[in-house]
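Report on the following structure.
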Amino acid sequence: MNLTDHIINVALLGTATRELITTDFPEELQETLRDIQAKAEDAEALFYQQSALGFAFARAGVEAQSIAGVTNVTEAPEEDKPYFLREVGELLTSLYLNKNQYLLLYAYRRAADKGKLIPPAYLQTLLRRAFDRNNPYRYEEQH
């Protein structure tokens with residue numbers, strides 16, 4: 001079983017019943033794996049860190065940095081602004097799909113005045129247009 005299959009197997013079965021066997025990892029990672037194991041808070045955190053290291057090494061093909069250079073990322077805070085209703089997201093998407101660029105810009109300005117956020121389900125489509133190089137209004141839409 002290769003390293004990727006072993007990581008997926010442990011992920012599917014859970015860290016309570018299985019442990020990631022680090023002997024399958026390349027020799028270059030063994031010291032870093034020992035450091036991770038010494039500093040891990042619990043079995044799940046240990047598994048996440050070890051598997052992330054294994055995947056990064058397999059994808060990049062370079063030696064891993066020491067554990068001293070690792071930074072923990074905290075969870076993002078909750079949004080402080082409320083979201084618009086679903087209908088607003090549908091309206092903005094409809095304006096985009098129907099190529100009503102002037103009405104879309106007007107709707108963005110009105111939405112910005114309200115101090116609310118566009119629902120996340122509609123952001124991908126709208127952001128794709130806002131960052132399209134061929135869109136002459138992309139800077140206004142990004143703002």
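The shown structure was predicted, so the numbers you read here are calculated from the model rather than taken from an experiment.
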Donor-acceptor contact present, side-chain Asp132 to main-chain Arg128, <3.5 Å
no
Donor-acceptor contact present, side-chain Thr125 to main-chain Tyr122, <3.5 Å
no
If you look only at pairs with a residue in residues 77-97, which of them pass as a ring-ring contact (aromatic ring centres under 6.0 Å, His included), with sequence neighbours excluded?
none
Smallest heavy-atom separation, Leu85 atom then Pro119 atom, equals O-CG, 3.8 Å
Minimum heavy-atom separation for Glu79 to Leu117, with atom names?
OE1-CD1, 3.3 Å
Using a 4.5 Å cut-off on heavy atoms from C-beta on, say whether the side chain of Val88 contacts that of Ile118.
no
The reported gap from CG in Leu104 to NZ in Lys99 (rounded to nearest 0.5 angstrom) is 12.0 Å
Point-to-point distance, once rounded to the nearest 0.5 Å, from CD of Glu90 to CD of Glu87
6.0 Å
Could you state the interatomic distance from NZ (Lys114) to CZ (Arg109), rounded to the nearest 0.5 Å?
14.5 Å
Do Tyr108 and Leu97 belong to the same hydrophobic cluster, where Ile, Leu, Val, Met, Phe, Trp and Tyr are linked whenever their side-chain heavy atoms lie under 4.5 Å apart, directly or via other members?
yes
Is there a path from Phe131 to Leu92 through hydrophobic residues (I, L, V, M, F, W, Y) whose side chains come within less than 4.5 Å of each other?
yes
Nearest-0.5 Å distance that lies between atom CG in Leu126 and atom OG1 in Thr93:
4.5 Å
With side chains defined as the heavy atoms from C-beta onward, is the minimum distance between Leu123 and Leu127 less than 4.5 Å?
yes
Are Gln37 and Leu33 close enough that some pair of their side-chain heavy atoms sits under 4.5 Å apart?
no
Applying a strict under-4.5 Å side-chain criterion to I, L, V, M, F, W and Y, I'd like to know whether Leu91 and Leu103 cluster together.
yes
Quick one: pull up CZ in Arg34 and CD1 in Ile36 and give me the separation to the nearest 0.5 Å.
11.5 Å
